[in-house]
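Counting starts at 1 for both ligands and their atoms, in listed order.
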Amino acid sequence: MYKATTGNKVTHQPHCRFCGTALHQTFVDLGMSPLCESYLGAEKINEMEPFYPLHVYVCDQCFLVQLEEFVSPEHIFTEYAYFSSYADSWLSHCRRYTDMIVDRFHYGKESFVVELASNDGYLLQYFVEKQIPTLGVEPAANVAKVAVEKGVPTLVEFFGTDCARRMAANGQQADLIIGNNVLAQVTDLNDFVAGMKLLLKPTGVITIEFPHLSRLVEGNQFDTIYHEHFSYFSFITAERIFAAHGLTLFDVEELPTHGGSLRIYGRHCDDQTKPVSDRAIALRTLEEEEGITDSAYYTAFAEQVKETKRKLLNFLIEARGQGKTVAGYGAPGKGNTLLNYCGVRTDFLDYTVDRNPYKQGKFLPGTHIPIFAPEKIQETQPDYVLILPWNFKDEIMAQVSHIRGWGGKFVVPIPEVTIYS
Ligand SMILES: [Zn+2]
């Protein structure tokens, strides 16, 4: 990604993060937005705030959907506000994964499991419980500290070939490498995947989970696009990227997490012990049928996004016009993309609440909507509660069901505005 000078004109010409092809085709342009995890303290809200383009391209060679890098990962991730452990359904997902993978590949006390972007040890804690040796690699020092306190050994570092080479030289090659929702956040995608190749034992397994591009398009999940997510993957594109680094995807599962994710299973190309599954072949065929390798697939998306903005604003204008009150639930990154793109501020949404104490007392970036503890909802009894982390809507509607006592209703914005009374 760089700026090229042509004669007297400066033209901006981004290039594909994986294959280097010039990017010409827009997937969606969400305008200018602040970094969605940069929650503001009260002392900051009168200061200038940087906004960056949320303009997503698709590569017409490899079909990697991607954003340019405007801010370095070092800036974004060295003190990250997101602590994975706060969502109950995510923790049970991780526990089920641990039981499944240990059973399928027979891991035990002689195995070594490495998680990349291990956060606060939300996942590796379940391997530790089973006395399986683990190591987390996590660049955010404040988050890694919490993991270590839980008994999950953690290296505070960004993962790539440098880190992998050192670990391999220390005899720390892995039987299992896990990466959940990290691949999208990697700017040097080739270095990251090459690092996994170096770190993996000859018959080792890599499992990576990421939001599935097909679900993003089908479910209109444009709010999952933010500056911290540089890439958006189909199975076919992921397969190409891994293959370029000598890794074969031998299996895949479709998961309901984060609005619909894939869990891909990788191994060395020359590891014949794990044949490619029927599921992997079927998903590749399905994506081809959907049009993943056809640029027309990507052009319809932008219009769908504009229509969603109009529908959400129509709802809010009507509700406020009738004198109703609207509060938010949750302060996730996706909420910030949605609210900034739609121009929703305290004129429409009085406040939002979040269970994460790190966010309470702060303000959402860009829109400056205040974040309170969940008890605020009981105190103010709003007519509508807009659920921003819609992927946890069932859990949230169960937790906050008491709003029905005063006739309160839930509103879920994605895939389209839906009211639950
Ligand atoms: Zn490309």
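Phe315 has its ring centre less than 6.0 Å from the ring centre of Tyr384.
With sequence neighbours excluded, the residues satisfying side chain to side chain contact (heavy atoms under 4.5 Å, CB included) with Ala194 are Thr161, His245. Qualifying side-chain hydrogen bond (donor to acceptor under 3.5 Å, both in side chains) partners for Asp99, counting only residues two or more places apart in sequence or in other chains: Lys130.
Between the side chains of Glu115 and Tyr122, at least one donor N or O lies within less than 3.5 Å of an accepting N or O.
Residues His229 and Lys334 form no side-chain contact, since every pair of their non-hydrogen atoms from C-beta on lies 4.5 Å or further apart.
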Atom pairs and distances, donor-acceptor, side-chain atoms in residues 293-300, under 3.5 Å, two or more places apart:
| residue | atom | partner | partner atom | Å |
| --- | --- | --- | --- | --- |
| Asp294 | OD1 | Ala296 | N | 3.2 |
| Tyr298 | OH | Ile292 | O | 2.6 |
| Thr299 | OG1 | Ala296 | O | 2.8 |

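Around the Zn ion (ligand 1), the protein N, O or S atoms found under 2.8 Å comprise Cys16 SG, Cys19 SG, Cys59 SG, Cys62 SG.
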